[in-house]
Amino acid sequence: MGFSAPRGSAVTALSRCPEEPVLLAELKPGRPQQYDWKSSCETWSVAFSPDGAWFAWSQGHCIVKLIPWPLEEAELSCKTLARKSHSSKAEARSRAGAKEKTLECGQIVWGLAFSCWPAADSGHPDGTCATGLSCLILATGLNDGQIKVWEVQTGHLLFSLLGHQDVVRDLSFAPNGSLILVSASRDKTLRVWDLSRDGRQVQVLAGHVQWVYCCSISPDCSMLCSAAGEKAALLWSMRSYTLIRRLEGHQSSVVSCDFSPDSALLVTASYDACVIMWDPYTGEQLRTLRHVPLHSVLDHGSDVHTSSLRSVCFSPEGLYLATVADDRLLRIWALELRSPVAFAPMTNGLCCMYFPHGGFIATGTRDGHVQFWTAPRVLSSLKHLCRRALRTFLTTYQVLALPIPRKLKEFLTYRTF
């Protein structure tokens with residue numbers, strides 16, 4: 001499905017006709033003999049490390065796979081690849097010194113989040129990472145309310161964080177490397193942890209009355225958005241840990257949220273079949289993307305609830321969104337348009353995430369599979385690059401206070417594209 005960018009668009013002519021997503025590879029877990037195969041096999045979370053060097057996959061049955069990225073050419077050239085959790089051959093394989101790893105978490109894994117632990121000379125405890133240098137860590141949210149934090153390179157367990165009374169559904173690290181971790185739980189709370197202080201719990205955020213499904217920290221680390229089984233998403237200050245506002249506009253439960261790379265936009269996805277794009281500074285609804293069933297493409301059975309959105313995420317340059325819904329479609333949207341620019345059929349999708357450098361999308365399914373799809377490679381216009389650079393450090397109110405023409409203010413605040 002192609003599209004034409006309007007005159008003055010934030011997308012250059014080189015990216016006006018994105019191709020349909022192509023399935024590059026599908027990873028399937030082996031069947032662990034010690035578990036009942038019919039239960040807890042879902043891939044609730046997928047994650048790329050910030051540098052794009054690792055991929056984490058909660059493949060069900062209490063197991064997380066850590067896979068060096070990129071995948072080998074042999075894997076990308078085939079449609080499916082079975083991953084045996086007990087395969088020593090796969091474990092021994094190395095790409096540029098990085099080896100695939102299996103983390104045995106002991107509980108069903110719901111949430112995943114990467115961060116970088118700074119070098120020991122930056123004031124953090126010596127010996128946290130094997131080399132004493134900066135290293136990559138992975139936090140895992142578990143079924144029993146625990147959060148286990150692992151060192152990626154060695155697979156060593158660094159912390160077990162206790163406090164939640166129910167499933168830890170989602171995790172989000174502050175992108176500034178401060179080792180602040182936010183967790184969202186079915187106990188209806190969010191908790192803030194400081195790993196630089198031995199994993200100390202520094203705050204409990206209470207305000208939801210239903211299970212909390214999702215949490216997302218803005219790239220500038222000033223805001224936190226949380227989504228629960230409620231019609232409103234909550235926006236919190238990451239400086240004072242207080243509620244800023246309730247974002248009301250959905251007609252059913254909000255289940256997923258994500259900030260744009262410049263922190264100027266926030267998107268929320270709901271069971272009402274809509275994604276709403278917000279200005280997080282003002283609380284204004286800027287755009288609504290409605291998921292219309294594509295009956296001409298897929299033959300839906302009567303038991304498919306096409307209204308249920310599962311996941312939404314921004315592309316790295318901030319011009320596209322990816323969504324996964326129960327109508328068996330992965331959709332890609334351009335922010336300037338109100339209809340998808342590309343879509344691909346997929347079954348039982350639960351989550352999605354863009355590769356940090358663009359070009360790929362990973363999706364997880366109820367079957368415990370992970371699929372890797374091509375995504376539009378975008379060459380942003382100079383206008384959008386300037387807007388993104390400015391909005392990285394200017395709030396909406398600061399933009400509106402500038403002595404510049406009204407049309408330029410509308411562009412900088414994403415009222416126009």
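Going from atom CG of Leu243 over to atom OG of Ser226 covers 8.0 Å, rounded to the nearest 0.5 Å. One distance of note links CD of Glu284 with CE of Met277; it measures 10.0 Å at 0.5 Å rounding. Here the CG atom belonging to Leu179 is positioned 5.5 Å from the OG atom belonging to Ser115, to the nearest 0.5 angstrom. The CG atom of Leu171 sits 12.0 Å away from atom CZ of Phe114, with the distance rounded to the nearest 0.5 Å. Remark: Leu266 CG to Gln285 CD distance equals 11.0 Å, nearest 0.5 Å. Rounding to the nearest 0.5 Å gives a distance of 6.5 Å between CG of Leu138 and CG of Leu103.
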Verify side-chain hydrogen bond (donor to acceptor under 3.5 Å, both in side chains) between Asp262 and Tyr414, making sure each step is shown before the conclusion. CA-CA 11 Å; Asp262 59 6; Tyr414 290 91; 2.5 Å; yes

Derivation and outcome, side-chain hydrogen bond (donor to acceptor under 3.5 Å, both in side chains), residues Arg169 and Ser183: CA-CA 8 Å; Arg169 184 62 184 84; Ser183 54; over 6 Å; no

Test salt bridge (Lys or Arg N to Asp or Glu O under 4.0 Å) on Asp367 and Lys28; report intermediate values, then the result. CA-CA 8 Å; Asp367 309 311; Lys28 299 181 179 181; over 6 Å; no

Asp327 and Arg331: CA distance, side-chain angles, deciding distance, salt bridge (Lys or Arg N to Asp or Glu O under 4.0 Å) verdict: CA-CA 10 Å; Asp327 63 359; Arg331 289 175 172 84; 2.7 Å; yes

Intermediate values then yes/no, side chain to side chain contact (heavy atoms under 4.5 Å, CB included), Arg310 and Tyr213: CA-CA 10 Å; Arg310 293 292 171 179; Tyr213 291 126; over 6 Å; no

Full working for side-chain hydrogen bond (donor to acceptor under 3.5 Å, both in side chains) between His208 and Thr189: CA-CA 7 Å; His208 287 290; Thr189 70; over 6 Å; no

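With contacts defined as side-chain heavy-atom distances shorter than 4.5 Å, the pair Ile332/Pro21 qualifies. Side-chain contact between Thr363 and Met353 is absent, with no heavy atoms from C-beta onward closer than 4.5 Å. Using a 4.5 Å heavy-atom cutoff, the side chains of Arg388 and Pro261 are in contact. Using a 4.5 Å heavy-atom threshold, the side chains of Leu224 and Leu205 count as touching. Within the 4.5 Å cutoff, side-chain heavy atoms of Arg387 are placed close to those of Phe411. Between Met223 and Pro280, some side-chain heavy-atom pair lies under the 4.5 Å cut-off. Proximity of Val46 to Ser58: side-chain heavy atoms (C-beta onward) are nowhere separated by under 4.5 Å. By the 4.5 Å heavy-atom criterion applied to side chains, Ile63 and Thr102 are counted as neighbours.
A donor and an acceptor atom, one from each side chain of Thr242 and Trp236, are nowhere located under 3.5 Å apart. In this model, no donor atom of one side chain and acceptor atom of the other lie less than 3.5 Å apart for Thr43 and His369. Defined by atom type and a distance below 3.5 Å, a donor-acceptor pair is present between the side-chain atoms of Asp279 and Thr396.
Residues Trp44 and Val109 share a closest heavy-atom pair of CD1-O, 3.9 Å. The shortest non-hydrogen separation linking Pro50 to Leu136 is CD-CD1, 4.2 Å. Taking every heavy atom of both residues into account, Phe355 and Gly52 meet most closely at CE1-O, 3.5 Å. In plain terms, the two heavy atoms of Val255 and Cys214 that are nearest each other are O-CB, 3.6 Å. Closest of all the heavy-atom pairs between Arg391 and Leu394 is NE-O, 3.0 Å. Between Leu247 and Gly283, the closest heavy-atom pair is CD2-CA, 4.0 Å.
By the neighbour-count criterion of 12 heavy atoms within 6.0 Å, atom NZ of Lys231 is sparsely surrounded, having that number or fewer from other residues, nucleotides or ligands.
No option in Ile217, Ile180, Val182, Leu181 other than Leu181 meets the side-chain contact (heavy atoms from CB on, under 4.5 Å) test with Phe173. Residue Phe360 is tested with Phe55, Trp69, Phe372 for a ring-ring contact (aromatic ring centres under 6.0 Å, His included); the sole match is Trp69.
Panel note: side chain Glu20, backbone Phe343; a donor-acceptor pair is recorded below 3.5 Å. Remark: the backbone N or O of His384 is paired with a side-chain donor or acceptor of Ser381 at under 3.5 angstrom. Side-chain atoms of Glu230 come within 3.5 Å of backbone atoms of Val209 as a donor-acceptor pair (strictly under, hydrogens ignored). At distances below 3.5 Å, not a single donor-acceptor pair connects side-chain atoms of Asp170 with backbone N or O atoms of Gly111. Of the possible polar contacts, one joining the Ser315 side chain to the Tyr320 backbone as a donor-acceptor pair under 3.5 Å is found. In this structure, the side chain of Arg366 does not engage the main chain of Thr347 through any donor-acceptor pair within 3.5 Å. Panel note: side chain Asp272, backbone Cys274; a donor-acceptor pair is recorded below 3.5 Å.
Judged by the 6.0 Å and 45° rule, Lys148 forms no cation-pi pair with Phe159. Judged by the 6.0 Å and 45° rule, Arg186 forms a cation-pi pair with Trp110.
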